[in-house]
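Comments concern the structure below.
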Amino acid sequence: KAGVTQTPRYLIKTRGQQVTLSCSPISGHRSVSWYQQTPGQGLQFLFEYFSETQRNKGNFPGRFSGRQFSNSRSEMNVSTLELGDSALYLCASSPGLAGDSYNEQFFGPGTRLTVL
Amino acid sequence: AQTVTQSQPEMSVQEAETVTLSCTYDTSENNYYLFWYKQPPSRQMILVIRQEAYKQQNATENRFSVNFQKAAKSFSLKISDSQLGDTAMYFCAFGTSGTYKYIFGTGTRLKVLA
């Protein structure tokens, strides 16, 4: 099976712009989670989507949003970019089913976002 | 709220030696999972080992094993016969059963020396 893919791998934007990142989960996985990784704050959970519905949300401002499509692919959007949004954004997928006994997430390679 | 603490920002070990990375966590949950993930310089996060909290037996995966002390809320990773390819950031993570919202520690940068 192909792993989790994320596009683009690198992105440079300027303050005030918006950006959309894409994540394709492992085939058959229905849960997609997003994490922000920065040197200062480490890895922080943004949100999780399952069957096109947001199931969990972290403590990020409303500028960060996401969605999931019927094929389980997910996008996250950041509006009105700030310098502090520069980070590696990781996507992870899981089967997401009730009774999933492993709770394991499989991570993609990440998108490196730089805000100038 | 759950927290995960990794108190060793950096460690080094000689090739073929054994090293132990520490992780402590805090939670009031009873059903949860603990994970060690590895993030090499190429930055793809890879699962190293997983432990279900309800299992008393420590998990083992080849050269990797954990010492899970539930009462002490401690979850350390032991790497035996260290190899150069083990050089990476290692993250300890906590996940409540039934959710995919992981709480990560700050990581330990491990360098294996030839």
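FYI, side chains are in, hydrogens and waters are out, and symmetry mates aren't considered; it's all heavy atoms of this structure. Letters A, B, ... are given to chains in the order of the sequence lines, protein chains preceding strands, and every chain is numbered from 1.
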Could you check whether Arg112(A) makes a cation-pi contact with Tyr10(A), meaning its NZ or CZ is under 6.0 Å from the centre of the six-membered ring and within 45° of the ring axis? no
Under 4.5 Å from any heavy atom of chain B, what part of [X] do you find: side chain, backbone, both or neither?
X: Gln41(A); answer: neither
X: Tyr35(A); answer: side chain
X: Leu46(A); answer: neither

Residue part contacting chain A, namely of Tyr32(B), when any heavy atom lies under 4.5 Å: neither
Turns out that what part of Thr106(B) lies under 4.5 Å from chain A's heavy atoms comes down to neither
Salt-bridge contact Glu82(A)-Arg15(A) (side-chain N to carboxylate O under 4.0 Å): no
So does Arg63(A) pair up with Asp85(A), basic N to acidic O under 4.0 Å? yes
Ignoring hydrogens and angles, state whether a donor on the side chain of Arg73(A) or Ser22(A) is under 3.5 Å from an acceptor on the partner side chain. yes
Whether over 12 other heavy atoms sit under 6.0 Å from Asn62(B) CG: no
For chain B, find which of Gly42(A), Gly110(A), Pro109(A) contributes the most heavy-atom pairs closer than 4.5 angstrom. Pro109(A)
